[in-house]
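Read through the structure below, which is laid out as structure tokens, and then see the notes.
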Amino acid sequence: MRIGMGYDVHRLAAGRKLIMGGVEIPYGKGLLGHSDADVLLHAVMDALLGAAALGDIGKHFPDTDPAYEGISSLRLLEHVGALLGENGYVIENIDATIIAQRPKMRPYIDQMRENIASALGITADQVSVKATTEEGLGFTGSGEGISSHAVCLLEKFTNYSSVDVTNAPSGCGGCCMGGEQA
């Protein structure tokens, strides 16, 4: 088992779309950033990359690279999912929290969960997204920005069999050790 944690924060600014979990949320301001500034997906990506010890989103998608300017973070998340697969990791679950005084996120959370699951090739019941306020405290509470935290659990595939056949006699399919004969 590998556990990862991610965090991201962006300032709210006029003239930008508010994208959260790949959902465009009607609001007078959006998050300022090089990509679409989706703090939820950025936190999720950093949690996944961290759990697999593959760096962070700054390493894979630097904000100095014009190729990522304005890019959908869902596309970046798909790339992270492919990296995990290439390195033998399977996502067990993701648990994320959005911290925002406004707007209310509850109406959009189910779609966010679906978007994350779809981008990663997992099921929505493996993804939890919650939202909270900071009761008017700090930069998120005053409405200056939005942040997000995420944790995840990965499993590395090292043995594709449900039966450990490392001590089985040569040529044995593991049936004498509780496994099924192929």
Side-chain angles (χ1 to χ4, degrees), residues 4-51 56-58 60-63 65-85 90-136 138-154:
M5 181 277 210
Y7 171 78
D8 196 39
V9 60
H10 284 275
R11 178 180 301 278
L12 283 163
R16 297 270 303 186
K17 292 179 180 179
L18 179 58
I19 309 293
M20 193 69 53
V23 177
E24 186 174 335
I25 298 172
Y27 193 60
K29 296 179 180 178
L31 293 169
L32 190 59
H34 186 66
S35 65
D36 63 6
D38 187 327
V39 294
L40 172 60
L41 296 187
H42 293 185
V44 167
M45 287 186 278
D46 268 345
L48 294 167
L49 290 167
D56 60 17
I57 61 173
H60 293 276
F61 318 110
D63 64 5
D65 189 334
Y68 303 117
E69 187 172 352
I71 194 167
S72 166
S73 293
L74 280 171
R75 288 188 49 213
L76 303 179
L77 183 61
E78 289 170 355
H79 181 77
V80 168
L83 281 172
L84 293 175
V90 174
I91 299 167
E92 292 292 335
N93 76 304
I94 297 167
D95 184 17
T97 304
I98 303 163
I99 300 103
Q101 198 65 34
R102 313 173 264 303
K104 294 294 183 192
M105 299 290 164
R106 178 63 250 161
Y108 310 100
I109 285 178
D110 291 338
Q111 186 60 57
M112 292 176 197
R113 291 178 61 224
E114 289 291 336
N115 290 349
I116 293 167
S118 178
L120 293 170
I122 59 178
T123 61
D125 69 346
Q126 292 173 272
V127 180
S128 172
V129 175
K130 305 171 300 296
T132 190
T133 69
E134 289 197 302
E135 303 296 327
F139 67 91
T140 56
S142 67
E144 295 176 62
I146 296 176
S147 65
S148 184
H149 294 267
V151 293
C152 70
L153 177 65
L154 302 182

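- Few gaps surround NZ on K130; more than 12 heavy atoms of other groups in view lie less than 6.0 Å from it.
- At most 12 heavy atoms of other shown residues, nucleotides or ligands fall within 6.0 angstrom of atom CZ in R75.
- No side-chain heavy atom of L48 sits less than 4.5 Å from a side-chain heavy atom of M45.
- Closest approach of G6 and D46 over heavy atoms only: CA-CB, 4.0 Å.
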(request) Take I91 and V127 through the test side chain to side chain contact (heavy atoms under 4.5 Å, CB included) and record every step on the way to the result. (result) CA-CA 10 Å; I91 299 167; V127 180; over 6 Å; no
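- How far CG of N115 is from OH of Y108: 13.5 Å, rounded to the nearest 0.5 Å.
- Side-chain contact check for L31 versus I19: every heavy-atom pair is 4.5 Å or farther apart.
- The two atoms that bring S35 and S73 nearest to each other are OG-OG, 3.8 Å, heavy atoms only.
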(request) Would you check, one step at a time, whether the test side chain to side chain contact (heavy atoms under 4.5 Å, CB included) holds for H10 with L32? (result) CA-CA 6 Å; H10 284 275; L32 190 59; 5.6 Å; no
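- In this structure the side chain of M112 reaches within 4.5 angstrom of the side chain of M105, judged on heavy atoms.
- Taking every heavy atom of both residues into account, Q101 and E135 meet most closely at OE1-N, 3.5 Å.
- Between S148 and V39 the shortest heavy-atom distance is CB-O, 3.6 Å.
- The minimum heavy-atom distance linking R113 with D125 is given by the pair NH2-CA, 3.7 Å.
- With a 4.5 Å cut-off on side-chain heavy atoms, H60 and V80 do not count as touching.
- Between M20 and D38, some side-chain heavy-atom pair lies under the 4.5 Å cut-off.
- Considering CG of D63 and CD of E69, their distance stands at 10.5 Å, rounded to 0.5 Å.
- At least one side-chain heavy atom of K104 sits less than 4.5 Å from a side-chain heavy atom of T133.
- For the atom pair CD1 (I94) and CG (L40), the distance works out to 9.5 Å, reported to the nearest 0.5 Å.
- Remark: F61 engages Y68, H79 in a ring-ring contact (aromatic ring centres under 6.0 Å, His included) (not counting sequence neighbours).
- Donor-acceptor pairing under 3.5 Å is recorded for the side chains of H42 and D8.
- Here the CD-SG distance, from E92 to C152, works out to 10.5 Å after rounding to the nearest 0.5 Å.
- Residue E24 holds its CD atom at 11.0 Å from OG of S72, rounded to the nearest 0.5 Å.
- Atom CD1 of I146 is separated from atom CD1 of I25 by 7.5 Å, given to the nearest 0.5 angstrom.
- Residues L74 and L41 form a side-chain contact, since some pair of their non-hydrogen atoms from C-beta on lies under 4.5 Å apart.
- Considering all non-hydrogen atoms of both residues, G4 and A51 come closest at N-CB, 3.5 Å.
- Partners of D56 according to the salt bridge (Lys or Arg N to Asp or Glu O under 4.0 Å) rule, which considers only residues two or more places apart in sequence or in another chain, do not exist here.
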(message) Run the side chain to side chain contact (heavy atoms under 4.5 Å, CB included) test on D36 and K17 for me, step by step, so that the C-alpha distance in whole Å, both residues' side-chain angles and the decisive distance to 0.1 Å come before the verdict.
(response) CA-CA 8 Å; D36 63 6; K17 292 179 180 179; over 6 Å; no
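- The shortest distance between side-chain heavy atoms of E144 and R11 falls below 4.5 Å.
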